[in-house]
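Data first, discussion second: the structure below is written as structure tokens.
One-based numbering, in listed order, for ligands and for the atoms of each.
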Amino acid sequence: MVHATPFLLVLSLAMVALVPSTGKCTLTGHWINDLGSNMTIMAVNEKGEFLGSYHTAVTATGNEIKVSPLQGSQHRTNKNSKATFGFTVNWSFSDSITVFTGQCFVNEEGKEVLKTMWLLRSHEDSIEDDWKATMVGTNVFTRQGS
Ligand code: BTN
């Protein structure tokens, strides 16, 4: 019995490491991404719709950065676990629009993360310049204060 304790300890550590995380991941709250941008998502309603605000750390313009509104929705299934979602940020300080799409996960450290991909559409004056109007990228958001 004396030797069983270390064995059980090693076994339980191995199980924690191998079993995929089943923790909840919810969109509501304060988030920060890998660029240092801050985002707040308000309550998600019964239809999966939500509003929020976005304070980007960077801009493709020379304009002074201001907090901008966002609106989005999450899929009706998997509401509390690994939800897929999309949202649009309508920049208040530029004439661009960004759409994000992503999924909520709990990472190996047990922390909630939003893995996203985005398209940033800039305004162009002429159709000839359309080819250069869209940027694409990825951002990973982690919950602030966790
Ligand atoms: C603009 O420059 O016209 C508006 C700000 C765009 C900020 C982009 S959106 C994608 C990327 N992720 C961020 O957090 N900020 C940049």
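- There is a side-chain donor-acceptor pair under 3.5 Å between T40 and H30.
- If you number the atoms of ligand 1 from 1 as listed, the ones under 4.0 Å from a heavy atom of T61 come out as 2 (O), 3 (O).
- Within the listing of ligand 1, atoms 11 (C), 12 (N), 13 (C), 14 (O) sit less than 4.0 angstrom from a heavy atom of N139.
- For the residue pair W118 / N139, a side-chain donor-acceptor distance below 3.5 Å is found, with atom types taken as modelled.
- Atoms of ligand 1 found under 4.0 Å from any heavy atom of Y54 (numbered from 1 in listed order, with element): 12 (N), 13 (C), 14 (O).
- Within ligand 1, counting atoms from 1 as listed, the ones closer than 4.0 Å to a heavy atom of S37 are 13 (C), 14 (O), 15 (N).
- By the criterion of a heavy-atom distance under 4.0 Å, the side chain of S96, and not its backbone, is placed next to ligand 1.
- Both the backbone and the side chain of T59 come within 4.0 Å of ligand 1, judged by heavy-atom distances.
- Side-chain atoms of T59 and T61 include a donor-acceptor pair closer than 3.5 Å.
- Side-chain atoms of N90 and Y54 include no donor-acceptor pair closer than 3.5 Å.
- Given atom 7 (C) of ligand 1, the protein heavy atom at minimum distance is T56 OG1, 3.4 Å.
- The existence of a salt bridge linking D130 and R121 is confirmed by a sub-4.0 Å separation between a basic side-chain nitrogen and an acidic carboxylate oxygen.
- Judged by distance alone, the side chains of W91 and T98 do bring a donor and an acceptor atom under 3.5 Å apart.
- Remark: ligand 1 atoms within the under-4.0 Å shell around heavy atoms of S94 are 1 (C), 3 (O), 4 (C).
- Not a single N or O atom of T98, backbone or side chain, sits closer than 3.5 Å to an N or O atom of ligand 1.
- Considering every non-hydrogen atom in both K24 and V106, the closest pair reads O-CG2, 3.5 Å.
- Of the heavy atoms in N33, only side-chain atoms (C-beta onward) come closer than 4.0 Å to ligand 1.
- Where the criterion is an N or O separation shorter than 3.5 Å, residue side chain and backbone included, V58 fails it with respect to ligand 1.
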task = Could you give me the CA-CA distance, side-chain angles and deciding distance for F141 and M39, then say whether side-chain contact (heavy atoms from CB on, under 4.5 Å) is met?
result = CA-CA 9 Å; F141 294 80; M39 171 174 78; 3.8 Å; yes
